[in-house]
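Working notes for the structure below.
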Amino acid sequence: MTPSELSEALSSALAAAVADGTLALPTDAVPASVHVERPRQREHGDWATNVALQLAKKAGTTPRALAEDLAARLAVHPGIQAVEVAGPGFLNITLDAASAGELARTIVETGADYGKGASEAGKKVNLEFVSANPTGPIHIGGVRWAAVGDSLARVLEASGAEVTREYYFNDHGAQIDRFARSLLARARGEQAPEDGYGGQYIAEIADAVVADALAAGEPDPRTLPDAEAQEAFRARGVQRMFGEIKQSLHDFGVDFAVYFHEDSLHESGAVDHAVDRLRQEGHVFDADGAVWLRTTDFGDDKDRVVIKSDGQAAYIAGDIAYYLDKRERGFDDVIIMLGADHHGYIGRMMAVCAAFGDEPNENLQILIGQMVNLVKDGQPVRMSKRAGNVLTIDDLVDAVGVDAARYSLARSSADQNIDLDLDLLASQKNENPVYYVQYAHSRTCAVDRNAADRGVRREDGFDPALLDHPTESALLGRLNEFPRVVAQAAQLREPHRVARYLEALAGEYHTWYQQKDRRVLPYPDESVTDTHRARLWLNDAVRQVLANGLDLLGVTAPERM
RNA sequence: GCGCCUGUAGCUCAGUGGAUAGAGCGUCUGCCUCCGGAGCAGAAGGUCGGGGGUUCGAAUCCCUUCAGGCGCACCA
């Protein structure tokens, strides 16, 4: 019996009570689906609901009286073993073991699809994340969005959405000029510009640019006149840097379907197109020689300059054009993940969204993630390129590996500032809960290997009623939750919920496995029984869910560790 | 000054109105005579920053206050 079946059973029990006059409630006050949840305490049964507490007042009765009535109606339902009224009026429901145990079969047979749903079905989602400027390697903040963003994409896909992962390649504007000047200065052995970029990677890229140019049969870019030289370093430097970023992300398990160049918006006329469109809608005005968008009409603090008085497009013009472009490419949901240092952008971008006639927070959704702080010896470490303590995506992967890095960054809420301890990173990487989850998975695989040796086979039968121990009903209940966890993670855009779920599941698996008197498999001199087979089904169901969950996080599920 | 995020165990963090607030790490005590000890069982450790309010019920919602982070450009 699934939670939704239970929920329906509760609804019909309520409807029946109303129909025979026991419950004085207008028919439209009967909820179509009743919320059931896993109680914290096992003694409180497999599922619990507070529906009696919520409806008693409207019905002019007491919660306990209503609960008693529902309990009596529910108890005769097949698949339900017991219904108890507890505390102020909770209904605690215990399923019979066979009904609960059937889930193991369902999961094994559903395989990699168990956990998938349709809550986001039919939606075309554009998910933009990372989008770090190609003026340096991806640092720790960007890595966080890579881990969280990719997991979010996977969770949305598992919920039926069609997701396009997109990276906005910011190759237009002053910071790129600074980057190019920094490369040129470094290549010529000159002092880095005051507002330029330092760091070892600048020297490496500068050398590579020279080598690339010479290899292409071009003149040494260092010898060109300044303007041409800078352009040469810009073009090849950006290309080079972006290649490295792509490679690092790929090594991290994150690949984007679209790498969108900001330059192209300006070259293609997309900016003019977007501004024209806003002008037609009547949201644009001219003042002080500049072109403004009246974002205050849509809740922004102040109006925004779109075209500066020198005729250049302001930065937001690119974002406006980019948003419109995404919508014109047919995306229903445009999701952008940004660091907390950009949260001031939400107001104006939502205003832009509204100015186009779209629904803010629907067609455009901006997710803000808080910063990652580095900590060493309990003290915060300020990252600075000059001090040479920038932690890049490659540094992180070198230190702990992709799995541990992705897991630790994806397991906390994006609303949280997270602290990353550099000493811990370097030394005790086994502290990462990812190993706890992966270990549980490899343990299920070890059981499978041994089961084959001992002649325990799933195909010889499955009696779900034999999964009747409290540790087994705990495991089954947890397995049952997985699809809801995935759906909730997608709906709330919080993939970390999957990680926390896996940790709980792994814990319950370890507990179940480790009981001395209830081994999964027989001793070598013992004969195989139905109980061993039933436990193997459960073992394999856990294995499947651990594997499915780890995949949603982009983490491997090893068969051996 | 205004805005967004955060404040939960010694540390890092879960917990979007339910019952006795949880996990990992750290500390302490047990557990390998056969399925993987990267594990399990147990103990200690909390005025959920403070104060009001709403509710049958608040870590969760509202108000207020304190503390920390991040923002408030014709920069990108």
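Throughout, protein chains are lettered first and strands after them, A, B, ... in sequence-line order, and every chain is numbered starting at 1. Quick caveat: nothing in here was measured; it's all calculated off a predicted structure.
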Touch check for [X], heavy atoms < 4.0 angstrom, all strands: base, sugar-phosphate only, or nothing?
X: Ala440(A); value: nothing
X: Gly173(A); value: sugar-phosphate
X: Ala174(A); value: sugar-phosphate
X: Ala48(A); value: base
X: Asp453(A); value: nothing

Taking atom types as modelled and ignoring hydrogens, do the side chains of Asn133(A) and Tyr168(A) form a donor-acceptor contact shorter than 3.5 angstrom?
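Distance-only check fails for Asn133(A) and Tyr168(A).
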Stepwise side chain to side chain contact (heavy atoms under 4.5 Å, CB included) check, Ile93(A) with Asp46(A):
CA-CA 6 Å; Ile93(A) 298 155; Asp46(A) 294 323; over 6 Å; no
Out of the candidates Leu53(A), Val51(A), Thr61(A), only one should pair with Leu66(A) under the side chain to side chain contact (heavy atoms under 4.5 Å, CB included) rule; please name it.
Thr61(A)
Among Leu538(A), Asn539(A), Leu536(A), Asp540(A), whose side chain to side chain contact (heavy atoms under 4.5 Å, CB included) with Val108(A) holds?
Asp540(A)
Per-nt protein contacts along nucleotides 31-39 of chain B (heavy atom under 4.0 Å; B base, S backbone sugar-phosphate only, - none) come out as S--BBBSBB
With B for base contact, S for sugar-phosphate-only contact and - for none (protein heavy atoms under 4.0 Å), nucleotides 12-17 of chain B reads SSSSB-
In terms of the nearest nucleotide of RNA chain B, which residue is placed more toward the 5' end: Pro88(A) or Ala340(A)?
Pro88(A)
The answer to which of Lys57(A) and Tyr345(A) contacts RNA chain B further toward the 5' end, by nearest nucleotide, is Lys57(A)
What about Asn133(A): does its side chain form a donor-acceptor pair under 3.5 Å with the base of A76(B)?
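Donor-acceptor pair under 3.5 Å: no.
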Syn/anti state for C66(B) [syn: chi within 90° of 0]
anti
So, do Phe129(A) and Trp145(A) have ring centers that fall under 6.0 Å from each other?
no
Run the ring-centre check on Tyr436(A) versus His510(A) and record whether the distance is less than 6.0 Å.
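When the ring centroids of Tyr436(A) and His510(A) are compared, they turn out to be within the sub-6.0 Å range.
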For G71(B), is there a stacking contact with His343(A), counting only centres under 5.5 Å and planes under 30°?
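A stacking contact does not exist, since His343(A) is not both close and nearly parallel to the base ring of G71(B).
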For a ring pair (Phe, Tyr, Trp, His ring centres under 6.0 Å) check, start with the C-alpha distance between Tyr167(A) and Phe260(A), then their side-chain angles and the critical distance, and finish with the verdict.
CA-CA 6 Å; Tyr167(A) 188 121; Phe260(A) 197 96; over 10 Å; no
Rounded to the nearest 0.5 Å, what separation is found between the OH atom of Tyr259(A) and the CG atom of Asp171(A)?
14.0 Å
For [N], give its Watson-Crick or G-U wobble partner with both distances under 3.5 Å, or none.
N: U47(B); value: none
N: G22(B); value: C13(B)
N: C35(B); value: none

Using whole Å, what does the distance between atom C1' of nucleotide C75(B) and atom CZ of Arg348(A) come to?
11 Å
How many Å lie between OH on Tyr315(A) and P on C75(B), as a whole number?
14 Å
Relative to each other, are the rings of Phe285(A) and Trp292(A) parallel, tilted or perpendicular (30° and 60° limits)?
parallel
